[in-house]
2 protein chains.
Amino acid sequence: MRILLVEDDAEVARFVKKGLQEAGHTVEHAANGRDGLFLAASEGFDVLVLDRMLPGGVDGVRLVETLRGQGNRSPVLFLSALTAVDERVKGLKAGGDDYLTKPFAFAELLARVEALGRRPSAEVPTTRLKVADLELDLLSRTVTRGGRKIDVQPREFRLLEHLMRHAGQVVTRTMLLEKVWDYHFDPQTNVIDVHVSRLRHKLDKGFDKPLIQTVRNAGYMIRAQ
Amino acid sequence: MRILLVEDDAEVARFVKKGLQEAGHTVEHAANGRDGLFLAASEGFDVLVLDRMLPGGVDGVRLVETLRGQGNRSPVLFLSALTAVDERVKGLKAGGDDYLTKPFAFAELLARVEALGRRPSAEVPTTRLKVADLELDLLSRTVTRGGRKIDVQPREFRLLEHLMRHAGQVVTRTMLLEKVWDYHFDPQTNVIDVHVSRLRHKLDKGFDKPLIQTVRNAGYMIRAQ
DNA sequence: GAACACCCATGCGGATCCTGCTGGTCGAGG
DNA sequence: CCTCGACCAGCAGGATCCGCATGGGTGTTC
């Protein structure tokens with residue numbers, strides 16, 4: 001996990017950085033708010049660990065507010081000697097996700113950092129493909145166009161999926177044979193043509209704009225007109 | 001925001017519920033783990049606030065583990081009188097997202113709950129379900145146990161999916177007929193038995209721990225032993 | 001321990017579904 | 001006009017899938 005630590009106290013910083021690294025994470029360290037902001041804004045981190053009070057104009061709260069203002073949603077854990085409830089509330093309200101007061105047990109810091117990093121921000125797998133008004137839902141194996149459900153066969157589904165994953169690019173017959181049919185040779189028949197035809201028939205029935213274009217001597221391409 | 005509060009202490013529950021409601025949130029309350037699990041599994045909440053220790057078999061940690069096993073990723077805040085670092089770490093490691101010790105200031109609870117709810121995690125569709133070493137990938141329509149791929153028929157897949165979505169709960173025959181077969185009547189045959197049997201055969205071949213348990217006169221249940 | 005209800009496993013047969021091929025037609029490009 | 005690539009309707013073999021019936025277990029109740 002990539003973690004950014006912004007902490008001015010060299011002693012604390014060393015201690016935290018070492019521990020996180022030993023737990024298998026990558027840690028970048030900045031000693032003041034300005035550097036921290038720069039790093040956080042330019043690189044992608046899974047979790048930010050920020051000291052609440054920092055030297056220089058940019059303290060922890062400012063830093064988070066700025067990041068959030070830029071649309072950066074990285075989870076933030078505040079680390080602070082300010083224990084008052086009001087301070088904690090302020091940190092959370094500013095956009096922090098957690099708040100740990102010094103002194104703290106490293107085990108808890110680690111657990112909290114990992115809890116923050118556990119969030120599904122990183123790996124959101126694509127679950128639906130979309131080209132113009134045509135949608136393909138990988139989860140339910142469902143195809144809809146303009147909201148109307150369209151029944152397709154498994155092979156047709158694979159074919160369409162492959163086309164849509166390469167929307168706007170020409171897909172050659174050889175690629176299709178490889179990826180959709182698992183043929184590693186030329187079957188010497190027009191299987192592909194037939195399936196493309198069937199697919200077109202289903203997709204375009206009742207619509208005017210055809211979606212699948214043939215590219216002569218090359219293959220097929222799907223594209224939002 | 002929709003919040004589920006699972007807390008057995010009536011006094012605390014009333015206090016928290018009232019406060020959250022006054023802050024403009026909708027609060028459901030369950031007084032024990034079993035009810036809490038049921039609610040959390042059947043309805044969608046933005047945040048779960050769980051007492052760490054609960055009467056009855058299902059305590060806070062068990063509850064979270066079960067939910068996470070079902071692929072439910074709702075953020076969880078633990079509320080507990082157990083202040084030891086080890087306890088806090090345990091709660092977070094189990095899948096909790098935050099941990100607040102009693103007594104607490106309501107302002108801080110509110111700030112933390114709102115910080116949790118702020119996350120974009122709410123509507124990430126589940127793409128894989130897991131129970132013990134059995135995994136079901138909705139995207140690829142694939143079932144694996146202990147890393148080994150298992151081929152299942154469509155109907156078997158739906159059956160298994162439904163069981164896994166309700167892991168740890170008994171699933172009645174009527175529910176299965178409704179949800180898996182779309183029958184709204186009793187077909188007077190043993191269709192279900194047959195499919196459960198086939199599924200068991202495939203899932204348990206080569207493993208020792210059986211996964212699907214039958215609950216006499218009630219239905220079936222899948223659970224990590 | 002007998003009767004009963006419930007549950008399990010297996011084999012079978014029908015139905016559906018799926019897919020690739022053929023063969024004839026069309027149309028673009030030269 | 002000729003040729004080649006692309007298109008499409010229909011067909012038929014096969015595979016898959018699914019539900020049912022049957023007969024055998026197992027736990028429960030009286």
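Order of the sequence lines sets the chain letters (A, B, ...), proteins ahead of strands, with each chain counted from 1. Please read all numbers here as calculations on a predicted model, not as lab measurements.
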Could you check whether any side-chain heavy atom of B/T174 comes within less than 4.5 Å of a side-chain heavy atom of B/Y183, counting everything from C-beta outward? no
Student check: side-chain heavy atoms of A/R173 and A/D186 closer than 4.5 Å: no
[N] [atom2] sits how many Å from [X] [atom1], rounded?
X	N	atom1	atom2	result
B/L159	C/dC8	CG	P	12 Å
A/D193	C/dT19	CG	P	17 Å
B/M221	C/dC7	CE	C1'	16 Å
A/K202	C/dT19	NZ	C1'	12 Å
A/N217	C/dG27	CG	P	18 Å
B/D151	D/dT16	CG	P	10 Å
A/Q188	C/dG23	CD	P	16 Å
B/L176	D/dG19	CG	C1'	16 Å

Would you say [X] reaches [N]'s phosphate, i.e. side-chain N/O to OP1/OP2 under 4.0 Å?
X	N	answer
A/W181	C/dG20	yes
A/R155	C/dC17	no
B/T189	D/dG19	no
A/H195	C/dG20	yes
B/R173	C/dC6	no

Close N or O pairs between protein and nucleotides 12-16 of chain C (under 3.5 Å):
none

In terms of the angle between their ring planes, are B/H195 and B/W181 parallel, tilted or perpendicular, with boundaries placed at 30° and 60°? perpendicular
Between [Y] and [X], is there a salt bridge with N-O shorter than 4.0 Å?
X	Y	answer
B/D182	B/R158	yes
B/D133	B/R145	yes
B/E114	B/R118	no

Looking only at the side chain of B/R216 (C-beta and beyond, no hydrogens), which of the listed nucleotides C/dA9, D/dT26, D/dC7 gets closest? D/dT26
Using the side-chain heavy atoms of B/V194, tell me which of these nucleotides is nearest: C/dC8, D/dC8, C/dA9. C/dA9
Over all strands shown, is [X] touching base, sugar-phosphate only, or nothing at heavy-atom distances under 4.0 angstrom?
X	result
B/V196	nothing
B/N190	base
B/Y220	sugar-phosphate
B/P154	sugar-phosphate

Partners passing ring pair (Phe, Tyr, Trp, His ring centres under 6.0 Å) against B/F207 (at least two apart in sequence or in another chain): none
Toward the 5' end of DNA chain C, by each residue's nearest nucleotide, B/A218 or A/Q153: B/A218
Among A/T26, A/V113, A/D46, which residue satisfies the side chain to side chain contact (heavy atoms under 4.5 Å, CB included) criterion with A/I3? A/V113
